[in-house]
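Ligands are counted one by one from 1 in listed order, and the atoms in each one are counted from 1 as well.
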Amino acid sequence: MKKIPDEILNCLNNNQRFLILLHQKPDGDAIGSAVALGKGLKQLNKTVDYYIDLPLEDKLGFFNEIQYFNQSLQDSYDVIVFMDCSSNSFAFAPAEMPAAKTKLVIDHHKSNAHYGDLNFVEITGATAEIVFRILKGLQVVIDEEMADAVFTGITTDTGSFQFSNVTVDTHLIASELYAIKTNYAHLSKRLHTQKNIDQMKMTGAAIHSLEILDSMPIALMILDHDTIFKFGGTINITDDVANLGQNTIGVSITALLKEIDAGEYRVSLRAKFPYDIHEIALKYGGGGHERAAGFNFSGDINELKRDLMDVYENQNGEG
Ligand SMILES: [Mn+2]
């Protein structure tokens, strides 16, 4: 497991007042990374504020540390930490950004724009893996909630250790987490399989909508506004729904479209090796990874279908 560079550890060690920011609509990795680093810094007697896009997905609402999210902000900080966020514009930030001596970016997205004064970007399974290494570098004692937070980041961003972003380090870190807490079964179920009845029905509706594009290995699922409204009016269903399309035999690329407002979609893309769909997300102002990306979309769905088919036709057989 590679060491975290001294300049990153020094930035955290030698400053006192921190603000933690994440990407919009924070996922398990973003929230897990924030909780773990925030608690670690507090253990070193730093002050830590969080400014987070709420409400969280239900499944992420269990951290005790959440009670400290979005309390009053200071006019200035020593360090503003951007976590799991590939670009400035994708960050969820206050309308008036507090002043800071240093903007520190900690991320694992290939597309990261290195928009900080100090950037630590490494392609890992999850940002939470980097945070775990930082905590060890800072010689923080990792408690059970921090272990849960790191585990949450890793297991959600790796699809429960199933995705191609899993590495030796992912498992080494997980093994160390099991030395802190012996059982993550309850947490895994909470994060991956348990849904309330509306979320269950909406998952069913998404699967029911699944279509295959033009005999290509591309699946499209659409949850229209009426369906979302019928099952509680929120798209508070997990990434796992997008992954379900990928479970269809013969499918290599999946798009899940959730119509959050009339004609306005939140799109989640998934791909299997060797396909790279993150360029599509970038085209529409979103971000992500080669095999998992997302963006907001209000155009013609046929254009999006064309983009997906282009990825297949242009990248087929490469790799
Ligand atoms: Mn992530």
For residues 248-256, which side-chain donor-acceptor pairs fall under 3.5 Å, sequence neighbours excluded?
| residue | atom | partner | partner atom | Å |
| --- | --- | --- | --- | --- |
| Thr248 | OG1 | Gly245 | O | 2.8 |
| Thr254 | OG1 | Gln246 | N | 3.2 |
| Thr254 | OG1 | Gln246 | OE1 | 2.6 |

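- Sorted by first and then second residue, the ring pair (Phe, Tyr, Trp, His ring centres under 6.0 Å) pairs with a member in residues 10-32 read His23-Phe90; sequence neighbours excluded.
- A salt bridge links Arg306 to Asp310: one of the charged nitrogens lies within less than 4.0 Å of a carboxylate oxygen.
- Within a radius of less than 2.8 Å around the Mn ion (ligand 1), the protein N, O or S atoms are Asp29 OD2, Asp84 OD1, His108 NE2, Asp157 OD2.
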Working for side chain to side chain donor-acceptor pair (under 3.5 Å), residues Tyr184 and Asp148: CA-CA 8 Å; Tyr184 294 86; Asp148 273 347; 5.1 Å; no
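- Listed by chain and residue number, Phe295, Phe297 satisfy the ring-ring contact (aromatic ring centres under 6.0 Å, His included) test with Tyr284 (two or more places apart in sequence, or in another chain).
- Annotation: His109 is not in aromatic contact with His278 [ring centroid separation under 6.0 Å not met].
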